[in-house]
Asker: 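Sharing a structure below in C-alpha cells format, with a few things to ask.
Note that ligands are numbered from 1 as they come in the structure, with each ligand's atoms numbered from 1 the same way.
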Amino acid sequence: MPKNDNIYNCYAPPAEEFVRGEGVYLYTENGDKYLDFIAGIAVNGLGHNHPALVGALTEQAGKLWHLSNMFKVQDQIKLAEKYCAASFADKVFFTNSGAEAVECAMKTARRCQFVEGHPERYEILTSKGAFHGRTFATINAGGNPKYLEGFGPELPGFINLPFGDFEAIKNAISDKTAAILLEPVQGEGGVRALPVQFLKDVRALCDEHGLLLIYDEVQSGAGRTGKLFAHQWADGQADPDVMAVAKGMGGGFPMGACLATERAAEGMVVGTHGSTYGGGPLAMAVASAAFDELTNPELMANVNKIANFMTQQFERLQQDHPEVVEDVRGKGLLIGMKLKKKALDVRNLARAHKLLAGNAGDNVLRMAPPLIISEDNVRDAVAILDQVFTEAKSMDDFDG
Ligand SMILES: *Cc1c(COP(=O)(O)O)cnc(C)c1O
C-alpha cells in the first residue's frame, strides 16, 4: 500500500483500496467484493462502469478534450437545452463541481437584485445543517461552525436559520434580503427532507417579497428521489428561480451546473462570471449520456419501487433493533437511519461486512445506493445490516 505522507490530511480513508467497479459492486485488488450503498456520495447514480457513460467518454476522448469557453462547445448547448426542457429553467451555466454551482447560484441571485435596482438586497437566508460545499462562500452559506473554524472572519450576507422553520424565515426577511437558499432534502445535514408544502409556502413567500428562491439539489437531484429533481414532487408549485446541481448529473465525471430562469439570469452578461473548464467537451459528453439515462422513465420507476421497498425493509430493521435504530428518514434513494449507537462506528462495522454506507449529521447512517439497484441488492444489504445491528447492540449508547 502506498504511503499517504504527501496528501493533505483532510480525509480519513480506511484501509480498503478499490481498483474496479461494476454496477453496484466495488472490488479490491485481491477480488474482495463490496456492495456499494453510498455510490461516491450520491454520484455514481448509474452504478460503476456504466456502458453508456464509458462509451461517451472514450468516444469523446478520441476527438477533443478541451476548448475553453472562448469557443462554442456544441454538446454544452445541446445539454443546456435538455436541462431546460426537463425543468423550470431557461438558462444554464456549467461548472466543475457542486460548490461552484452553488457559488454561481448565489452570484446570480445577488446580481439579479442588483440589475433590478436593489443592490442593497444581498443577504441570503440559509438553513442550519445545510451543506453547500467547501469554498469560502459556501462554508459561510452552510454555517456549520466546524467548517468555518480557523478560516478567518465570517463573510457577511448570510443568515443561518433553524431547519424547516417557516416562521423563522418569514421573520428574518428584511429590505436587505436577496434570496432564500434551501436543500429540498438535506444530505450531509442528516438526510432530512423538507415537506412539499413547506417548499410551496417558501415559494409564495419569495413571490410576496420579491426574493429569489435558490435550491441546492447537488445531492437530491439527478433522479435520487424518484424525480429528476426533488422539488419536482411539488408539481411545478415550488419551482426555484435558481438551482445548483452536480454529483449524480455527471455520473462520476466531475461536472455541475447552475440553472436559472430568464429573469434570474438577466444580469449574468458577458464578463460577469466564468470558468476555464466548466462545460468542457469531456464533461458534456458524459453528462449528456448520463442525462439520457437519468430521464428514462423506467429508471425513475425503479427508484420509486426500490425506495418504497427499502424504506419498508429499513423500518422493519428499526422494529427488530430498537436499541440501535431510532428512526428512518429521507426521500427516495437518499435514506438515513438515525442511530442510538455511534453512527461512524456502525458504518465501519458495515464496511467490515462488505457493505459501504456513509454518515450524515445528527448521528445518521446515510445510504445513497446507485439508482439501478434491485430488490435483491436491498435484501443483501438488509441481511448485512441485521447482522451489523445485532453486533452493535453491545456498543455504548451514542451521547453526542
Ligand atoms: C456535495 C454537495 C455540495 C458540494 O459539491 P462539491 O462537488 O463537493 O463541491 C454542495 N451541496 C450539496 C447539497 C452537496 O451534497
Asker: For ligand 1, list all ligand N or O to protein N or O distances below 3.5 Å, rounded to 0.1 Å.
Answerer:
from	atom 1	to	atom 2	distance (Å)
ligand 1	7 (O)	Gly98	N	2.8
ligand 1	9 (O)	Gly98	N	3.4
ligand 1	9 (O)	Ala99	N	2.8
ligand 1	11 (N)	Phe131	O	3.2
ligand 1	11 (N)	Asp216	OD1	3.3
ligand 1	11 (N)	Asp216	OD2	2.7
ligand 1	15 (O)	Gln219	NE2	2.8
ligand 1	15 (O)	Lys247	NZ	2.6

Asker: Find the distance between NZ (Lys176) and CZ (Arg121) and round it off to the nearest 0.5 Å.
Answerer: 13.0 Å
Asker: Side chain to side chain donor-acceptor pair (under 3.5 Å) with Asp320: which residues, sequence neighbours excluded?
Answerer: none
Asker: Linking Ile, Leu, Val, Met, Phe, Trp and Tyr by side-chain heavy atoms under 4.5 Å, what else ends up with Phe114?
Answerer: Val115
Asker: In chain order, what residues pass the side chain to side chain donor-acceptor pair (under 3.5 Å) check against Tyr27, with sequence neighbours excluded?
Answerer: none
Asker: For Tyr25 together with His48, are the ring centres under 6.0 Å from each other?
Answerer: no
Asker: So if I apply the ring pair (Phe, Tyr, Trp, His ring centres under 6.0 Å) rule between Tyr83 and each of Phe291, Phe88, Phe93, which one comes out positive?
Answerer: Phe291
